[in-house]
Amino acid sequence: MKKMIANLVSREKRIAVLEDGVLSKLVITPDHQRSTVGNVYLGKVTKVLPGMDAVFIDYGAEKNGFLHRDELPSYQLTKNSDGKAAIGQFVRQGEKLLVQVSRDEAGTKGAKLTGLIEFSTETLVYIHGMDYVGVSKKFKNEHKQKQWREMALQNKKRDEGLIVRTSMENESEAVFLERLSSLREQYKGLERKAATIKAPALLLAKDTFLMMIMNEMSRTAGGQLVIDDFDACRDLKKWAQENQKEWEISHAPGPQNVFSELNIQAQVEKMNKKIVWLDNGGYLIFEETEAFTVIDVNSGKFTGKVAKEATLFAVNQAAAKEVARQLRVRNISGIILIDFINMAQSRHEQEIIDIVKKETVKDEKRVQVIGFTELGILQVTRKRTSPSLSELMTVPCPACSGSGKIESAETVAFRLERELLEHRKTDDEAVWVEASKAVADVLLGEKESYRQALEELIGKRLFLSFIPGSVNAYSIKRFGNIQEISGAFE
């Protein structure tokens, strides 16, 4: 059974989705990193890039947004949109545009924008700026599917795109027309607002948390929702009743945090760990970089009771299922390379591909399984719309700048020695150095056996104090005569 836990009372909003008690999705958003996907802005074109068929747009964020020519209504509605027309024909620098965020900022990249403004309900999606009609392929009745396509074509305008969703199948024409009219009015309201304000400006901010909860509730016939925000609980109960959703919705008044109270916190804390253990004793190692994510599969403690190939294949099968879950929960996107344990039989590789495809069907984001490389690495891509969990919850280490490595005590100590040698011909009698314990041990040798030789080399008396902490570092505090340094050192 599906269960959802929503922690909305604090500034950091958290939503957890569990299936049979296992975490299958996690959304964590600090107040300052709230997603802007779906927000609509009045933006201003700051730069046209003919070589990339794109423009940069100032829409009020720290970084300018990126908008490709194909996302411009003026391009979509032209009769000769064959992919060869120059972007300069459709937009110019300084022009004001209504834009919607389709992907949040990530790392050094600004947000991805679209000029095709989209509004959606459970039954109908309205896109302004393109001439298009789509009908869900999940309709049970093929005749009704054709009817709704005709209905959409008859009622849409040239600059409108409509997508009829599965839940519209058994609705009436009156409901369709009412929803279409409401969505059109939303867009017209934005146009009116845009005409009265100066760019850049926010025109529409979506309540992403309630929308996420509603979308999740719409994916299954029923389930349980526990939420700690009373007003949101009341609104969701009303929405569920109006949309005939069989969800049991309850309010958790506290004072204990709802994640801790329902024993979700322990699962959440595992999501930033580099190593993920499998039930059979194997394990996964996650390495996220800006360019791509690498996942390494290892047999670990699993030895199996059958032949080697079958044992390794069993680890890979378990890993394939867990990788699909981890991608959802950690929100890992972009290029993903999975280094499964080498399999001698090609049919086993195909079975692993089939498992990953089957498991990623549960993912609301588009996942493409490309296939194995000649080196046996499975290539997967997952659509990026927002930062990963690690990007939201962590920052680069100040000591290693995110590399996971720091300079060794030997490297730092020998650098300090070279720097001291550069001062060997000065008139100063002494030097005061602060260093971490590990660096000091290397500099002076075991039981300070190298101290005398070092002081003779640099021609100075060495006074050494320790820097607390485990980072290998040093600081040359002061040069001077022995009396001065001795006084300052004490």
Side-chain angles (χ1 to χ4, degrees), residues 1-4 17 19-20 24-25 38 76-77 100 102 114 116-187 206 210-225 235-249 324 328 354-369 382-383 385:
M1 184 183 74
K2 179 175 279 191
K3 188 171 184 178
M4 212 173 349
V17 180
E19 294 179 7
D20 299 323
S24 64
K25 182 179 179 181
Q76 283 289 335
L77 297 172
Q100 190 170 36
S102 58
T114 178
L116 309 174
I117 310 301
E118 179 181 311
F119 299 105
S120 61
T121 66
E122 270 204 23
T123 53
L124 187 65
V125 178
Y126 174 91
I127 308 169
H128 189 276
M130 67 187 304
D131 187 5
Y132 174 78
V133 166
V135 180
S136 170
K137 294 179 181 178
K138 295 180 182 178
F139 271 45
K140 295 176 182 177
N141 187 317
E142 192 174 326
H143 177 66
K144 282 191 175 182
Q145 191 179 45
K146 291 179 180 177
Q147 279 187 327
W148 279 115
R149 183 178 295 278
E150 290 171 5
M151 175 68 66
L153 286 168
Q154 288 171 10
N155 288 279
K156 70 176 287 299
K157 298 177 182 177
R158 180 179 171 272
D159 59 356
E160 294 176 337
L162 298 179
I163 300 174
V164 182
R165 288 181 158 171
T166 311
S167 52
M168 180 66 86
E169 184 171 9
N170 296 313
E171 295 287 357
S172 65
E173 181 180 341
V175 169
F176 172 83
L177 294 174
E178 179 189 346
R179 299 275 165 84
L180 177 56
S181 175
S182 174
L183 293 170
R184 276 177 178 157
E185 186 53 39
Q186 282 189 55
Y187 182 78
K206 295 202 172 183
L210 284 184
M211 284 180 62
M212 272 188 268
I213 293 171
M214 291 173 185
N215 289 339
E216 200 65 46
M217 291 170 70
S218 298
R219 291 192 180 95
T220 54
Q224 289 183 336
L225 168 65
D235 293 342
L236 288 166
K237 280 183 177 180
K238 181 181 177 182
W239 176 86
Q241 186 176 10
E242 290 174 349
N243 290 276
Q244 300 178 333
K245 299 299 178 184
E246 297 179 3
W247 273 74
E248 180 186 327
I249 303 172
R328 293 196 306 273
D354 293 341
I355 290 172
V356 175
K357 284 183 176 179
K358 180 183 176 182
E359 294 297 318
T360 52
V361 166
K362 304 171 187 176
D363 203 319
E364 68 216 50
K365 294 187 180 177
R366 187 174 70 250
V367 178
Q368 289 184 295
V369 182
R382 185 171 183 266
K383 185 178 180 181
T385 59

Report, as yes or no, whether the 6.0 Å neighbourhood of atom [atom1] on [X] holds more than 12 heavy atoms from other residues, nucleotides or ligands.
{"X": "Glu364", "atom1": "CD", "value": "yes"}
{"X": "Lys383", "atom1": "NZ", "value": "no"}
{"X": "Glu173", "atom1": "CD", "value": "no"}
{"X": "Gln241", "atom1": "CD", "value": "no"}

Are any side-chain N or O atoms of Thr121 and backbone N or O atoms of Leu124, one a donor and one an acceptor, separated by less than 3.5 Å?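 Indeed, once roles are kept as given, a pair shorter than 3.5 Å links the two residues.
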Taking the side chain from Asp20 and the backbone from Met1, do they hold a donor-acceptor pair closer than 3.5 Å?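 Checking the backbone N and O of Met1 against the side chain of Asp20, a donor-acceptor pair under 3.5 Å is found.
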Partner of Asp131 by side chain to side chain donor-acceptor pair (under 3.5 Å), out of Arg158, Lys156, Gln76: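 That would be Lys156.
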Is there a donor in the side chain of Ser218 and an acceptor in the side chain of Glu122, or the other way round, less than 3.5 Å apart?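 Yes.
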Whether Glu169 and Lys138 form a salt bridge (side-chain N of Lys/Arg under 4.0 Å from carboxylate O of Asp/Glu) is what I want to check.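 Looking at Glu169 together with Lys138, the answer is no, because their closest N to O distance does not fall below 4.0 Å.
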Nearest atoms (heavy-atom pairs only) where [X] meets [Y]:
{"X": "Ala240", "Y": "Ile249", "value": "CB-CD1, 4.0 Å"}
{"X": "Thr166", "Y": "Ser136", "value": "OG1-OG, 2.6 Å"}
{"X": "Leu183", "Y": "Ser120", "value": "CD2-N, 4.4 Å"}
{"X": "Val367", "Y": "Asp363", "value": "CG2-OD2, 3.8 Å"}
{"X": "Trp148", "Y": "Glu171", "value": "CZ2-O, 3.3 Å"}
{"X": "Gln100", "Y": "Leu116", "value": "OE1-O, 3.8 Å"}

Could you give me the CA-CA distance, side-chain angles and deciding distance for Leu162 and Ile127, then say whether side-chain contact (heavy atoms from CB on, under 4.5 Å) is met? CA-CA 6 Å; Leu162 298 179; Ile127 308 169; over 6 Å; no
Say you draw a straight line from [atom1] of [X] to [atom2] of [Y]; how long is it, rounded to the nearest 0.5 Å?
{"X": "Arg149", "Y": "Gln145", "atom1": "CZ", "atom2": "CD", "result": "6.5 Å"}
{"X": "Glu216", "Y": "Ser24", "atom1": "CD", "atom2": "OG", "result": "7.0 Å"}
{"X": "Lys206", "Y": "Met211", "atom1": "NZ", "atom2": "CE", "result": "4.5 Å"}
{"X": "Arg328", "Y": "Lys365", "atom1": "CZ", "atom2": "NZ", "result": "12.5 Å"}
{"X": "Glu19", "Y": "Met4", "atom1": "CD", "atom2": "CE", "result": "11.0 Å"}
{"X": "Arg184", "Y": "Lys157", "atom1": "CZ", "atom2": "NZ", "result": "5.0 Å"}

Taking the six-membered ring for Trp, are Phe119 and Tyr187 parallel (under 30°), tilted (30 to 60°) or perpendicular (over 60°)?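 Ring orientation, 0 to 90° scale: perpendicular.
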4.5 Å side-chain heavy-atom contact, Asn155 and Phe176: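 Yes. Closest side-chain heavy atoms under 4.5 Å.
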Evaluate Thr360 against Gln368 for side-chain contact (heavy atoms from CB on, under 4.5 Å), listing each step before the verdict. CA-CA 9 Å; Thr360 52; Gln368 289 184 295; over 6 Å; no
Candidate pair Leu236 and Trp247, rule side-chain contact (heavy atoms from CB on, under 4.5 Å), full reasoning: CA-CA 10 Å; Leu236 288 166; Trp247 273 74; over 6 Å; no
side-chain contact (heavy atoms from CB on, under 4.5 Å) assessment of Tyr126 paired with Arg179: CA-CA 9 Å; Tyr126 174 91; Arg179 299 275 165 84; over 6 Å; no
